[in-house]
Amino acid sequence: MTDNIIEKLYNSGNLTDSEFKLLIETDDKDDVKLLTKYADETRQKYYGKKVFLRGLIEISSYCKNNCLYCGIRRSNKNAERYRLSREEIMSCCENGYELGFRTFVMQGGEDSYFTDDFMCDIIHEVKEKFPDCAVTLSLGERSYESYRRLKEAGADRYLLRHETASDSLYRKLHPQEMSLKNRKKCLFNLRELGYQVGAGFMVGVPFQTTENIIEDLRFLQELKPHMIGIGPFIPHHDTPFADEKGGTLETTLRLLGILRLMFPKVLLPSTTALGTISPVGRELGLKTGCNVVMPNLSPVSVRKKYELYDNKICTGEESAECRVCLENRIKSAGYEISSERGDAL
Ligand code: SAM
């Protein structure tokens with residue numbers, strides 16, 4: 001039914017709002033097949049069969065924010081909090097380097113312990129020891145000056161999902177003190193400062209409509225990020241959204257395919273959340289246009305504590321086991337791990 005629309009998206013990279021709505025909501029098997037085929041063709045045209053690895057180091061589960069969906073929100077008194085020391089972070093990088101990682105992603109809740117001075121020192125040390133590696137940060141909203149200093153210290157990339165581009169939905173997912181305006185401002189600041197920027201959103205978050213998702217697509221067209229991280233929303237038992245439904249595999253895959261056709265050269269991760277809602281979620285993501293995976297490099301002792309949502313996978317394994325498991329999954333899906341840094345084209 002929507003095959004003409006898929007052809008149009010494949011050829012032009014864009015659709016009208018009503019066409020996007022039809023495509024996002026279709027459950028026609030032939031449509032989904034065609035979208036998947038074109039998404040894979042497009043990723044292979046630019047990236048071949050390469051899959052880039054990003055070693056994820058979850059540096060802190062302390063967070064000053066209180067996002068309603070997130071397991072490490074400030075009000076979750078049951079969350080076990082930890083932060084990694086500089087030595088622990090460096091040892092994750094050393095371990096990761098030996099395993100072949102050439103990008104380290106330092107992610108955490110918004111934790112004031114990680115001041116600019118502290119982060120700049122770590123970034124300097126990582127870049128000095130591993131000059132062929134990219135440093136990616138994902139530490140939430142900070143000031144322009146802070147982003148500037150971190151960039152100057154050597155950070156290459158920054159991941160900050162916009163979460164939703166709809167003001168009214170943003171309000172339903174976040175407390176009053178947070179604002180979509182500031183989140184967007186941060187993203188434009190990061191881009192202006194020369195970072196490779198990653199934005200993105202959750203699929204199937206409570207109250208989200210197809211129209212909201214179309215707003216996300218339009219915002220991404222405006223921002224033009226280098227990377228787009230989307231994954232299903234998964235409820236966490238100690239949050240206000242504990243009893244809500246999570247996002248589905250089908251809708252997430254459909255959106256990945258749409259994003260690949262809209263942004264042919266973008267870096268598109270097949271996320272841990274996708275692997276959590278389906279045992280073959282990450283493989284299916286790779287077959288639908290994804291070209292990045294982010295295995296966990298955090299020490300096993302803290303992994304369960306960085307619990308953003310329930311039943312998160314890969315929390316019991318050593319980094320080396322994760323690396324082997326992912327390599328097998330990537331091969332089984334018909335792709336190959338690239339040992340490059342994996343910058344956006
Ligand atoms: N504090 C940083 C920030 O705000 O960007 C990075 C950490 S934050 C926990 C990383 C991402 O986790 C968020 O951008 C959000 O999209 C995702 N996330 C949080 N709770 C989730 C949930 N319940 N299900 C799926 N993803 C979730």
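Remember, predicted model here, so these are calculated numbers, not experimental data. Counting starts at 1 for both ligands and their atoms, in listed order.
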Checking a contact table here: which protein heavy atom is nearest atom 14 (O) of ligand 1, and how many Å away?
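Checking every protein heavy atom, the shortest distance to atom 14 (O) of ligand 1 gives Glu163 OE2, 2.5 Å.
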
From Leu308, Thr164, Leu173, Ile234 - option closest to atom 9 (C) of ligand 1 by heavy atom:
Leu308

Between Phe114 and Phe118, what is the ring plane arrangement, given parallel below 30°, perpendicular above 60°, and tilted in between?
perpendicular

Check: Tyr306 N/O within less than 3.5 Å of ligand 1 N/O
no

Does any N or O atom in Arg161 lie less than 3.5 angstrom from one in ligand 1, N or O only?
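Indeed, backbone or side chain, Arg161 has an N or O that close.
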
Give the atom numbers and elements of ligand 1 that come within less than 4.0 Å of a heavy atom of Arg183.
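The list of qualifying atoms is 3 (C), 4 (O), 5 (O).
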
For Phe219 together with His162, are the ring centres under 6.0 Å from each other?
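Yes, close enough.
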
Would you say the rings of Tyr158 and Tyr147 are close, in the sense that their centroids are separated by under 6.0 Å?
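Yes: the rings meet the under 6.0 Å criterion.
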
Would you kindly say whether Glu7 and Tyr38 are connected by a side-chain donor-acceptor distance under 3.5 Å?
yes

Heavy atom of Ala273, distance to ligand 1 below 4.0 Å
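Judged by the 4.0 Å heavy-atom criterion, Ala273 does not count as contacting ligand 1.
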
Residues Arg74 and Glu177 bridged, charged N to O under 4.0 Å
yes

Could you check whether Arg218 pairs with Glu215 (Lys NZ or Arg NE/NH1/NH2 to Asp/Glu carboxylate O, under 4.0 Å)?
no

Structural part of Pro232 in contact with ligand 1, heavy atom criterion under 4.0 angstrom
backbone

